[in-house]
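Sequence lines set the chain letters: A, B, ... in the order given, protein chains first and strands last, and positions in each chain run from 1.
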2 protein chains.
Amino acid sequence: MEDETFDDITEDSSVGPAQRVFHALSSAPRRKILAYLSASGLTAGEIADRFSMSKPAVSQHLSILEAAGLLRREKQGQFVHYSLIENNLVNTLNGFVQEVCPVGRPIKKESQARARRKESP
Amino acid sequence: MEDETFDDITEDSSVGPAQRVFHALSSAPRRKILAYLSASGLTAGEIADRFSMSKPAVSQHLSILEAAGLLRREKQGQFVHYSLIENNLVNTLNGFVQEVCPVGRPIKKESQARARRKESP
DNA sequence: AAGGTAATTAGGTAATTGCTTAATTAATGA
DNA sequence: TCATTAATTAAGCAATTACCTAATTACCTT
């Protein structure tokens, strides 16, 4: 009944989904890409324009994020359109927090506190 | 009123607190350590015993987690006792999800869904 | 004070990362 | 069909990571 808890974490060897997500998130440029995409979908070029690094470098970051299941790639003519997949991110982070923080109360509380703060500043 | 949102992510240069947390979480052994500590505090040796790698290697992981503000180090005699600090983890992850996922609804919903699932399986 | 145990620091190394530029693939439009 | 633009793949390289063993520090016991 609580065996499940460590399974995801103990997927230690041979890179699993959670590992891919956490690795993807460990890079500031990649987190920045996610933040950009949270506002609206963008083409690879539009994303690259927002960084000072080369286009191939950004392309690589995008494929890491895609492999982690954090964003979707849609070819539209000669452009490639990227957009966010929220589910995986939310599930992975939340699942992890549930494992580490007893009963998952903390993040729920925090989430509610933040929501309240936004309502009445 | 929503300027704050990108600040944490745009701390790109010169390693900031969020970067340290995400980097700390990017390692499977380190996530495993957090999971162990979620059950109870442990000494460095007790933690090292749970891994097949050398003690110094574990010690290094511990200091990375400590630098990220995820756990606390307490010297007790000749032992060093480690225990979890939940706050930083929860705040960082939740803060990030709030930035990437519109209005932070998703994680709250997920959290509640999970809570419900645990109540009535 | 000497010997033993817990833990970290120091030093070294093989593998990986994060970029670069150059080459390639694919779609558009004259 | 040929040149142009978007994007990725390929090849290469400096810097970092993740481990190891050996040495050191700190504390406890006798």
| request: Could you tell me from which nucleotide to which nucleotide of DNA chain D, 5' to 3', there is an atom under 4.0 Å from chain B heavy atoms? | output: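 Here the contact window of chain B covers D:dA18 to D:dC28.
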| said: Tell me which residues in residues 71-82 of chain A lie within less than 4.0 Å of DNA chain C, going by non-hydrogen atoms. | reply: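 Of all residues in residues 71-82 of chain A, the ones placing a heavy atom under 4.0 Å from DNA chain C are A:K75, A:G77, A:Q78.
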| message | Run the side chain to side chain contact (heavy atoms under 4.5 Å, CB included) test on B:F96 and B:V21 for me, step by step, so that the C-alpha distance in whole Å, both residues' side-chain angles and the decisive distance to 0.1 Å come before the verdict. | response | CA-CA 11 Å; B:F96 179 69; B:V21 170; over 6 Å; no
| query | Is a side-chain N or O of B:R31 found less than 3.5 angstrom from the main chain of B:L25, in a donor-acceptor match? | reply |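 It does hold such a pair.
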What N/O pairs connect the protein and nucleotides 9-19 of chain C at under 3.5 Å? Give each pair on its own line.
unit_1: C:dC19; atom_1: OP2; unit_2: A:H61; atom_2: NE2; d: 2.6

| query | To the nearest 0.5 Å, what is the distance between OG (A:S27) and NE2 (B:H23)? | reply |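 The OG atom of A:S27 sits 11.5 Å away from the NE2 atom of B:H23.
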| query | Can A:H61 and A:K32 be said to form a side chain to side chain contact (heavy atoms under 4.5 Å, CB included), step by step? | reply | CA-CA 11 Å; A:H61 284 304; A:K32 211 166 163 179; over 6 Å; no
| task | Describe, as an angle rounded to 10 degrees, how the axis at the first end of the helix from C:dA1-D:dT30 to C:dA30-D:dT1 is tilted relative to the axis at the last end, five pairs per end. | result |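 Comparing the first five pairs with the last five, the axes sit 20° apart.
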May I have the list of side-chain donor-acceptor pairs in residues 64-85 of chain B shorter than 3.5 Å, sequence neighbours left out?
unit_1: B:R72; atom_1: NE; unit_2: B:S83; atom_2: OG; d: 3.2
unit_1: B:R72; atom_1: NH2; unit_2: B:L84; atom_2: O; d: 3.1

Side chains of residues 45-57 of chain A: which donor-acceptor pairs under 3.5 Å do they make with residues two or more places apart or in other chains?
unit_1: A:E46; atom_1: OE1; unit_2: A:T43; atom_2: N; d: 2.8
unit_1: A:E46; atom_1: OE1; unit_2: A:T43; atom_2: OG1; d: 3.4
unit_1: A:R50; atom_1: NH1; unit_2: A:E46; atom_2: O; d: 2.8
unit_1: A:S54; atom_1: OG; unit_2: A:A57; atom_2: N; d: 3.3

| Can you name the nearest heavy-atom pair linking A:S38 to B:V100, along with the distance? |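 Residues A:S38 and B:V100, closest heavy atoms: CB-O, 3.0 Å.
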